[in-house]
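The structure appears right after this line, and notes come after that.
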Amino acid sequence: SENINEYPSANPSAETDDGNGQIFVYEIVVVVLDDSASESDDKCRIYLDNAKPLPLITNVDPVAEKQKDENGNIVEKKINGTVTISGKVTEKNLKSLVLTVEDSAGKTEIHSYPEASCEEGIDTTLFSDGEVVFTLTATDEAGNESFDSENYKIDQTTDNPVIKFSNGKSTDDGVDY
């Protein structure tokens, strides 16, 4: 039979994680003595994490056209063709990083990443013209989750060529057209 002469001890120390919460680190030591006075111990570290990950969409490229309001603020960003979306997350204990693309018709595309950064080419011709939302969601090992999202407008006509007719003369190498 075993006698437990010492109770587990918990010695917490706190680490601040980017000012958004704390990760408490506990070390639990269990010491067991048997009837013949043989001693055995084991240590275990426990992390209590209440800090959310900080995902960020860092770039969407290329943007075909930007609509600005009277103050010069961008109010609408139009994209078409294939765009590259880049993102990253600040998190020590990342469990998952997921990029979700959803258009106004409800079509959804999901991409998962094993690391704290991502870069994905998205073919916007597979989505309906209109609003599209890019959402980067990060979840840490403790289950804390947060996201960053950006809205764009898919418009496949924004880079169509424009033909202008003119009644004026044009010369090229001395030949009138």
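- The minimum heavy-atom distance between Val89 and Pro53, with the atom names listed, is CG2-CB, 3.8 Å.
- Counting heavy atoms from C-beta on, the side chains of Lys92 and Asp49 never come closer than 4.5 Å.
- The main-chain N or O of Lys78 is never found under 3.5 Å from a side-chain atom of Asp155 such that the two would form a donor-acceptor pair.
- At a threshold of 4.5 Å between non-hydrogen side-chain atoms, the residues Glu76 and Lys66 do not count as touching.
- Between Lys52 and Glu91, no side-chain nitrogen of the basic residue sits less than 4.0 Å from a carboxylate oxygen of the acidic one, so the salt-bridge criterion is not met.
- For the pair Glu150/Lys77, a side-chain contact is recorded, criterion being any heavy-atom separation below 4.5 Å from C-beta on.
- Not counting sequence neighbours, Lys88 has no partner by the salt bridge (charged side-chain N to carboxylate O under 4.0 Å, His left out) test.
- Here the shortest heavy-atom pairing between Glu119 and Ser86 reads OE1-OG, 3.6 Å.
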>> Determine whether Glu39 and Val31 satisfy the following criterion, side-chain contact (heavy atoms from CB on, under 4.5 Å), listing intermediate values before the conclusion.
In response: CA-CA 7 Å; Glu39 186 176 296; Val31 179; 3.6 Å; yes
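- Using a 4.5 Å heavy-atom threshold, the side chains of Leu99 and Ile85 count as touching.
- Residues Lys153 and Ile79 fail the side-chain proximity criterion, which asks for heavy atoms closer than 4.5 Å.
- Contact detail for Val98 and Ser112: the closest heavy-atom pair is CG2-OG, 3.9 Å.
- Minimum heavy-atom separation, Asn80 to Val83: O-CG1, 3.9 Å.
- In this structure, Thr100 and Thr108 have side chains that are in contact, with non-hydrogen atoms separated by less than 4.5 Å.
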>> If you apply the rule side-chain hydrogen bond (donor to acceptor under 3.5 Å, both in side chains), what do you find for Tyr113 with Glu120, and how did you get there?
In response: CA-CA 10 Å; Tyr113 307 94; Glu120 192 72 43; 2.8 Å; yes
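- Ile110 and Phe147 fall into different hydrophobic clusters, where Ile, Leu, Val, Met, Phe, Trp and Tyr side chains are chained together by heavy-atom contacts under 4.5 Å.
- Residue Thr157 holds its OG1 atom at 12.0 Å from CD1 of Ile154, rounded to the nearest 0.5 Å.
- Interatomic distance, Cys118 SG to Ile57 CD1, rounded to the nearest 0.5 Å: 8.0 Å.
- By the rule that hydrophobic residues join a cluster once side-chain heavy atoms approach within less than 4.5 Å of another member, Val101 and Val63 end up as members of one cluster.
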In residues 127-141, what donor-acceptor pairs under 3.5 Å come from side-chain atoms, sequence neighbours left out?
residue	atom	partner	partner atom	Å
Asp129	OD2	Gln156	N	3.4
Thr139	OG1	Glu145	OE1	3.3
Asp140	OD1	Ala142	N	3.1
Asp140	OD1	Gly143	N	3.0
Asp140	OD1	Asn144	N	2.8
Asp140	OD2	Asn144	ND2	3.0

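- Side-chain atoms of Ile74 and Gln67, non-hydrogen and from C-beta on, never get closer than 4.5 Å to each other.
- Asn71 contributes no side-chain N or O that, together with a main-chain N or O of Asn73, makes up a donor-acceptor pair within less than 3.5 Å.
- Taking 4.5 Å as the limit, every side-chain heavy atom of Lys107 sits out of range of all side-chain heavy atoms of Glu102.
- Glu115 and Leu97 make their closest contact through O-CD2, 3.5 Å (heavy atoms, listed as atom of the first residue, atom of the second, distance).
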